[in-house]
There are 2 protein chains.
Amino acid sequence: MAVKSEHIPKATIARLATYIQVLSEFKREGTDVVSSERLAEACSVNSSQIRKDLAYFGEFGVRGVGYYVQDLISSIKRSLGIDRAWNCALVGVGNLGRALLRHREFSRKGFVIRGAFDCDPYKIGEVVEGMEIVCSRQLPAKVKELGLEIGVITTPPERAQRAANYLIGAGIKGIINFAPARIAVPKHIHLEYVDFFHYFYAAAFHIRFNEQRD
Amino acid sequence: MAVKSEHIPKATIARLATYIQVLSEFKREGTDVVSSERLAEACSVNSSQIRKDLAYFGEFGVRGVGYYVQDLISSIKRSLGIDRAWNCALVGVGNLGRALLRHREFSRKGFVIRGAFDCDPYKIGEVVEGMEIVCSRQLPAKVKELGLEIGVITTPPERAQRAANYLIGAGIKGIINFAPARIAVPKHIHLEYVDFFHYFYAAAFHIRFNEQRD
DNA sequence: GGAAACCTGTTCAGAATTTCACAAATCACC
DNA sequence: GGTGATTTGTGAAATTCTGAACAGGTTTCC
């Protein structure tokens, strides 16, 4: 899938993910065709915004008609690169790591966790959700053997950097860091930070801010 | 804590959360004073950006010196409204809900889950992490009794709207929705969507995009 | 006490993003 | 086949956000 433009805003990528979610709902409800106006309302964004976001990747709609829901889902997925499966390595099998391993939705959405790694000797060998926990030192071998591309860090914060180093050394292409710590990676490795608390902070701020104005 | 400006960018709020994380690391390392330049480097942002973000809320630094780490953490927390505890209600005790209930970090960061609700009769009465699961119908009573302010939705998508309705009817002030579904709420209720997959999608996109350019 | 080195808070320019507005295309109906 | 009602894709305008630059304080050191 060709990208028409050189640079694509981060916000656009985030919205595309939302569009998929809402479009999937439309599909479940049996809606075949949707206008940017209707999709916009469901996503709480401006309809031009939607058309412009899509325009970065191609022309997916039909003038005078709208977008065919199933086609648009496929087109967005192809645009985002999630029209195929991605093999993931999970490093750090604590509470959060286990929850992610058990979360069926991952493989359903095309992100298949194919390796679970930890450096705790008490955990190594344990089987979680049909997956054996392996020593982190085996990462290089496993990454090659299983074709792992995305590393998911769910270690405690103090071990996040080491986990990242293992992953990078093993030749992973991108890292999603759930640990509450900043990590350093070379420029060619894509890095995403995930922090629930951001959302809680934002909620707290806005609630208090609203109260203040009354 | 006064807010100096009328409108504060969403991006600023997100960055403030990052600053707290990095500043806490500095504090653990024993650093007492930090310049915007050094903080900026650790957060991968521009130093003017940091000074500007902080300027929305007040003057927290000392010219010629920098910012006192502990003071700045406190100031940012006060600015965000997380200088006190927030009582949360969790609705939907599935896999994800249980993981959140077990996650110690929540109360440590000031978001205390004081009620766990579900509408499945098999789950009602069960005790998770010392908390008894209560029928969702009891939300109004419990919200008042316990002073719950933030609702956390971790139901399956098809039940998210109903959970939201219960919470809103019960007088909650803000909602954080982990369910992969859009929900409608009145304007005075603050709503945050949390979706891990956004990060995975973004990673997939950027990895593929980088490959394409080689 | 003064000079030099620092570093914040703030202004302003320009970069980036969002919204508007409309030409171009499609469909339904007469 | 033509007309009117729709709806997309896209320049241009409006808005928002970011980064460079610098005036205004602070500290250090002589």
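Throughout, a chain's letter reflects where its sequence line sits, starting with A, and its residues are numbered from 1.
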Among [options], which is the nearest nucleotide to the side chain of [X]?
X	options	answer
A:Ser48	C:dT19, D:dG25, D:dG9	C:dT19
B:Pro9	C:dC22, D:dC17, C:dG9	D:dC17
B:Arg51	C:dG9, D:dC17, D:dG9	C:dG9
B:Arg63	D:dT7, C:dG9, D:dT26	C:dG9

Residue-phosphate contact under 4.0 Å: [X] side-chain N/O, [N] OP1/OP2:
X	N	answer
A:Ser36	D:dT7	no
B:Arg15	D:dT18	yes
B:Tyr67	C:dC6	no

Separation of [N] [atom2] from [X] [atom1] (nearest whole Å):
X	N	atom1	atom2	result
B:Leu72	C:dT8	CG	C1'	12 Å
A:Asp53	D:dT8	CG	C1'	14 Å
B:His7	C:dT18	NE2	C1'	13 Å
B:Leu54	C:dC7	CG	P	16 Å
B:Leu39	C:dT8	CG	C1'	13 Å
B:Tyr56	C:dT8	OH	C1'	17 Å
A:Asn46	C:dA21	CG	P	11 Å
B:Glu59	C:dC7	CD	C1'	13 Å

Original post:
Among A:Leu90, A:Val93, A:Val91, whose side-chain contact (heavy atoms from CB on, under 4.5 Å) with A:Thr155 holds?
Top reply: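 Among A:Leu90, A:Val93, A:Val91, the one that satisfies the side-chain contact (heavy atoms from CB on, under 4.5 Å) with A:Thr155 is A:Val91.
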
Subject >> Toward the 5' end of DNA chain C, by each residue's nearest nucleotide, B:Val34 or B:Lys52 >> reply: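 Taking each residue's closest nucleotide, the earlier one in sequence belongs to B:Val34.
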
